[in-house]
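Reviewing the structure listed below.
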Amino acid sequence: MENLIRELKAKIVSHRGYYESNEAAVRRQLIEPILDHIGWRTDDPNLVKVNSQTEERDIPDYTY
């Protein structure tokens, strides 16, 4: 996990302006690698839902 965090930090430093204006890139290139690392399998919609409304009508970014 430490190596992943270092890699992501380097991306943020190098491409800050890009990430500040592109939420999709932040999700795909920064958030999802962390979620995948902890076992969330963001590529499998049976396990992780993206922007799906809950019974309470909330719309979280990711639901496991």
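All of these numbers come straight from a predicted model, not from anything done at the bench. Starting from 1, each residue takes its place in the sequence as its number.
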Evaluation steps, side chain to side chain contact (heavy atoms under 4.5 Å, CB included), between I12 and L30
CA-CA 8 Å; I12 293 167; L30 303 176; 3.8 Å; yes
How far apart are the C-alpha atoms of L8 and L4, what are their side-chain angles, what is the distance that settles it, and do they pass the side chain to side chain contact (heavy atoms under 4.5 Å, CB included) test?
CA-CA 6 Å; L8 296 176; L4 176 60; 4.0 Å; yes
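For residues 55-64, the set of pairs meeting the salt bridge (Lys or Arg N to Asp or Glu O under 4.0 Å) definition, not counting sequence neighbours, comprises R27-D61.
Linking Ile, Leu, Val, Met, Phe, Trp and Tyr whenever their side-chain heavy atoms come within less than 4.5 Å puts I31 and L47 in one cluster.
Contacts of R41 classified as salt bridge (Lys or Arg N to Asp or Glu O under 4.0 Å), with partners at least two apart in sequence or in another chain: D43. Qualifying salt bridge (Lys or Arg N to Asp or Glu O under 4.0 Å) partners for R16, counting only residues two or more places apart in sequence or in other chains: E20. Taking the salt bridge (Lys or Arg N to Asp or Glu O under 4.0 Å) definition, one finds that E7 meets it with nothing, sequence neighbours left out. Residues meeting the side chain to side chain donor-acceptor pair (under 3.5 Å) test with Q29, sequence neighbours left out: Y19.
The shortest distance between side-chain heavy atoms of R6 and N3 falls below 4.5 Å.
Summarising the geometry of T63 relative to S52, their closest heavy-atom pair is OG1-O, 4.4 Å, with the distance given to 0.1 Å.
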Under 3.5 Å, sequence neighbours excluded: what are the donor-acceptor pairs made by side chains of residues 33-40?
residue : atom : partner : partner atom : Å
D36     : OD1  : T42     : N            : 2.9
D36     : OD1  : T42     : OG1          : 2.8
D36     : OD2  : T42     : OG1          : 3.3

